[in-house]
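Worksheet: the structure to be examined is printed underneath.
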Amino acid sequence: MIVGGGAAGLHCAGIAGQLGAKVLLLDHSAKVAEKIRISGGGRCNFTNRDAGPANFLSANPHFCRSALARYTPADFLELLRRHAVPWHEKHRGQLFCDRSAEDVITLLLRECEAGGVVRRQPCAVHAVRPRAGGGFELDTDGGPVQAARLVVATGGLSIPKIGASDWGYRLARQFGHTIVETRPGLVPLTFDSAAWAPFAALSGLSLEVDIETGAGKSRARFREDLLFTHRGLSGPAVLQASSYWRPGQALRIDLAPGQDLATTLLHAKAGSKRQLGTELAALLPRRLAETWLATTPELACRPLPETRDQELRELARRLQHWELQPDGDEGYRKAEVTLGGVDTRELSSQTLESRRVPGLHFIGEVVDVTGWLGGYNFQWAWASAAACARALGERPAESAH
């Protein structure tokens with residue numbers, strides 16, 4: 001029995017069914033795999049070629065190693081090849097469907113059909129009870145169901161408009177599991193409106209930056225594209241940093257990564273008669289250069305040769321060490337994933353089975369394993385699902401009915 005018909009649930013069902021397990025899959029939503037459907041702008045960033053343990057956050061960081069090693073991006077690419085699904089790589093290892101995310105959904109459903117999976121949807125589960133002789137009994141919209149093994153693949157709290165809920169966390173607690181604090185991940189950050197006012201006019205501007213946040217072991221640095229919005233900052237750079245950011249911490253941003261602005265400006269001063277703003281606009285997007293200098297009007301209209309060396313160094317320092325403090329984030333409504341979840345120290349890394357309750361498994365986003373932006377979270381869904389499915393396939397006689 002698998003509850004949850006998203007990426008992890010469908011993949012687990014298809015593999016387990018083809019290994020000989022009798023599988024019943026339930027999902028409360030009317031539409032199958034809606035999160036796959038809307039991902040990657042509708043083209044599904046289904047994995048990342050470089051996915052490895054270092055790309056994931058968890059209170060138990062080594063837990064994901066086993067599953068990721070035993071089901072790699074190459075394994076999922078082989079599945080796409082068998083189903084003749086065309087794909088392409090964008091950048092930084094991000095792999096997308098050529099046509100549509102529907103190709104991945106169709107592939108997963110065909111795999112389920114090949115495994116004889118019975119799927120009931122929409123079908124909510126209202127209660128789960130342990131059976132005296134082992135296994136579980138579920139009260140569902142379709143009546144009572146008994147299962148020797150139960151797989152929870154119900155996802156996290158992100159994007160509630162497509163049906164996200166806390167069902168998996170509540171079930172885990174019911175059976176004595178610990179939940180690592182949940183919070184929005186890969187989410188836009190917001191800023192005090194008055195403090196942000198000088199930069200609000202930059203809405204829509206995008207550029208590559210180095211971004212850093214966090215402290216100690218939670219410190220992280222990325223080179224990604226930054227997007228200015230009317231409320232703050234977004235784009236891949238901020239989404240990546242948001243998973244490491246905590247309230248009260250600052251973001252540190254280099255708006256000219258790979259450059260030495262101070263040296264470049266001092267060198268230009270020796271042979272240029274242009275305005276400082278004109279020179280700076282040759283090094284940064286013009287709108288950014290103009291807006292930045294507007295915050296220091298004494299420099300905005302000054303010819304470069306008349307600008308003191310120390311002023312140029314200070315200008316360069318602020319551009320390459322821009323520190324600002326968000327006042328919050330956009331919440332689960334805009335978050336792509338949920339950080340935290342079922343504590344992996346209470347699960348087997350080989351089978352994703354509970355160490356507390358035999359026959360109970362947790363896979364995918366409901367578990368405290370969260371990937372970076374760029375296909376990593378789908379890879380965790382595929383890998384954790386495959387690890388669990390192999391365990392179910394080793395005991396094919398155990399079925400749900």
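Computed from a predicted structure; not experimentally measured. Nothing fancy with the numbering, it's 1 onward along the sequence.
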Under a 3.5 Å distance rule, please check whether Asn377 uses its side chain to pair with a backbone N or O of Gly371 as donor and acceptor.
yes
Give the C-alpha distance, both sets of side-chain angles, the deciding distance and a yes or no for side-chain hydrogen bond (donor to acceptor under 3.5 Å, both in side chains) between Ser66 and Gln350.
CA-CA 6 Å; Ser66 176; Gln350 297 291 313; 3.0 Å; yes
Between Leu261 and Ala316, the two heavy atoms sitting closest are CB-CB, 3.7 Å
Taking the side chain as every heavy atom from C-beta outward, state whether His28 and Pro122 have any atom pair closer than 4.5 Å.
no
Quick one: CG on Leu360 to CZ on Phe175, what's the gap to the nearest 0.5 Å?
6.5 Å
So does Lys269 pair up with Asp309, basic N to acidic O under 4.0 Å?
yes
Can a salt bridge be assigned to the pair Lys35 and Glu365 using a cut-off of 4.0 Å between side-chain N and carboxylate O?
yes
Give, for atom CG of Asp166 and atom OH of Tyr332, the distance between the pair rounded to the nearest 0.5 Å.
10.0 Å
Between Arg131 and Glu137 (salt bridge meaning N to carboxylate O under 4.0 Å), is one present in this structure?
no
Is the gap between the ring centers of His177 and Phe362 under 6.0 Å?
yes
Under the side-chain contact (heavy atoms from CB on, under 4.5 Å) test against Asp368, which residue among Val180, Asn60, Leu347 passes?
Val180
Considering residues, nucleotides and ligands other than Arg252, do more than 12 of their heavy atoms fall under 6.0 Å from its CZ?
yes
side-chain hydrogen bond (donor to acceptor under 3.5 Å, both in side chains), that's the test. Do Arg308 and Gln310 meet it? Break it down for me.
CA-CA 5 Å; Arg308 297 194 302 272; Gln310 185 54 37; over 6 Å; no
Taking atom types as modelled, find out whether Thr178 and Asp343 have a side-chain donor-acceptor pair closer than 3.5 angstrom.
no
Mind checking whether Ile159 and Ile38 have side chains closer than 4.5 Å, heavy atoms only?
yes
Side chain Thr47, main chain Pro73, donor-acceptor under 3.5 Å
no
Flag, side chain of Thr295 to backbone of Trp292, donor-acceptor distance under 3.5 Å:
yes
Side chains of His88 and Asp98 only: does a donor on one sit below 3.5 Å from an acceptor on the other?
yes
Test Leu157 against every option in Leu339, Thr182, Val337 by the side-chain contact (heavy atoms from CB on, under 4.5 Å) rule and name the one that passes.
Thr182
Please check: side-chain N/O of Gln320 versus main-chain N/O of Ala256, any donor-acceptor pairing under 3.5 Å?
yes
Any Ser58 side-chain heavy atom under 4.5 Å of Thr344 side chain:
yes
Please report the interatomic distance CZ(Phe378) to SG(Cys44), rounded to the nearest 0.5 Å.
4.0 Å
Under a 4.5 Å cut-off applied to non-hydrogen side-chain atoms, are Leu233 and Leu189 in contact?
no
Report, as yes or no, whether the 6.0 Å neighbourhood of atom NE2 on His83 holds more than 12 heavy atoms from other residues, nucleotides or ligands.
yes
Give a yes or no on whether the backbone of Glu78 and the side-chain of Arg82 come within a donor-acceptor separation of less than 3.5 Å.
no
Would Trp382 and Phe76 count as a close aromatic pair, with their ring centres under 6.0 Å?
yes
Taking Val3 as the fixed residue, which of Leu171, Leu25, Leu138 is the one that meets the side-chain contact (heavy atoms from CB on, under 4.5 Å) rule?
Leu138
Quick one: CZ on Arg390 to CG on Leu392, what's the gap to the nearest 0.5 Å?
12.0 Å
When you measure from the side chain of Ser354 to the backbone of His361, do you find a donor-acceptor pair of N or O atoms at a distance under 3.5 Å?
no
Whether Glu311 and Arg317 form a salt bridge (side-chain N of Lys/Arg under 4.0 Å from carboxylate O of Asp/Glu) is what I want to check.
no
Does this structure show an ion pair linking Glu208 with Arg92, if we count only N-O contacts that are shorter than 4.0 Å?
yes
For Arg219, I'd like to know if atom CZ has over 12 heavy atoms of other residues, nucleotides or ligands within 6.0 Å.
no
Considering all heavy atoms of both residues, which atom of Thr370 and which atom of Gly340 are nearest to each other, and what is their separation?
OG1-N, 4.1 Å
Backbone of Arg274 reached by a side-chain donor or acceptor of Ser272 within 3.5 Å:
yes
Are the side chain of Gln174 and the backbone of Val128 linked by a donor-acceptor contact shorter than 3.5 Å?
yes
Arg173: side chain to side chain donor-acceptor pair (under 3.5 Å) partners, not counting sequence neighbours
none
Using every non-hydrogen atom in the two residues, find where Leu255 and Leu284 come nearest and quote the distance to one decimal.
O-CD2, 3.6 Å
Distance, nearest 0.5 Å, that separates OG of Ser243 from CD of Glu336
9.5 Å
Please confirm whether the backbone N or O of Gly176 pairs with a side-chain atom of Arg356, one donor and one acceptor, at under 3.5 Å?
yes
Is it the case that the side chains of Thr106 and Arg110 hold a donor-acceptor pair, with the cut-off being a distance below 3.5 Å and no angle test?
no
Okay, side chain of Gln275, backbone of Cys301: is any donor-acceptor separation there less than 3.5 Å?
yes
Hey, are Glu111 and Gln18 close enough side-chain-wise for a donor-acceptor pair under 3.5 Å?
yes
In plain terms, say whether Arg287 and Glu290 are close enough for a salt bridge, that is, a side-chain N and a carboxylate O under 4.0 Å apart.
no
Here the pair of heavy atoms bringing Asn45 nearest to Gly375 is OD1-N, 2.9 Å
Answer whether the closest heavy-atom distance between the side chains of Leu108 and Ile36 falls below 4.5 Å.
yes
Between CG on residue Leu265 and CG on residue Leu283, distance to nearest 0.5 Å
6.0 Å
Which word best sums up how the rings of Trp196 and Phe199 line up, parallel for under 30°, tilted for 30 to 60°, or perpendicular for over 60°?
tilted
Aromatic centroids of Phe222 and Tyr244 separated by under 6.0 Å
yes
Please report the shortest heavy-atom distance between Leu251 and Ala241, naming the atom on each side.
CD2-CB, 4.3 Å
Should the pair Glu34-Arg37 be classified as a salt bridge under the 4.0 Å nitrogen-to-oxygen rule?
yes
Cut-off 3.5 Å, side chains only: do Ser100 and Asp103 have a donor facing an acceptor?
no
Check whether any side-chain heavy atom of Leu205 sits under 4.5 Å from a side-chain heavy atom of Leu227, and report yes or no.
no
Charged N to carboxylate O under 4.0 angstrom, Arg318 versus Glu323?
no
Compare every heavy atom of Ala67 with every heavy atom of Ala387, then report the nearest pair and how far apart it is.
CB-CB, 4.2 Å
Please name the residue in the list Ile211, Leu186, Thr213 that meets the side-chain contact (heavy atoms from CB on, under 4.5 Å) test with Gln240.
Leu186
Leu109 and Arg119, any side-chain heavy atoms less than 4.5 Å apart
yes
Within a 6.0 Å radius of atom CZ on Arg129, are there more than 12 heavy atoms belonging to other residues, nucleotides or ligands?
yes
Please examine the side chains of Trp380 and Cys64, heavy atoms only from C-beta on, and report whether any two atoms are closer than 4.5 Å.
yes
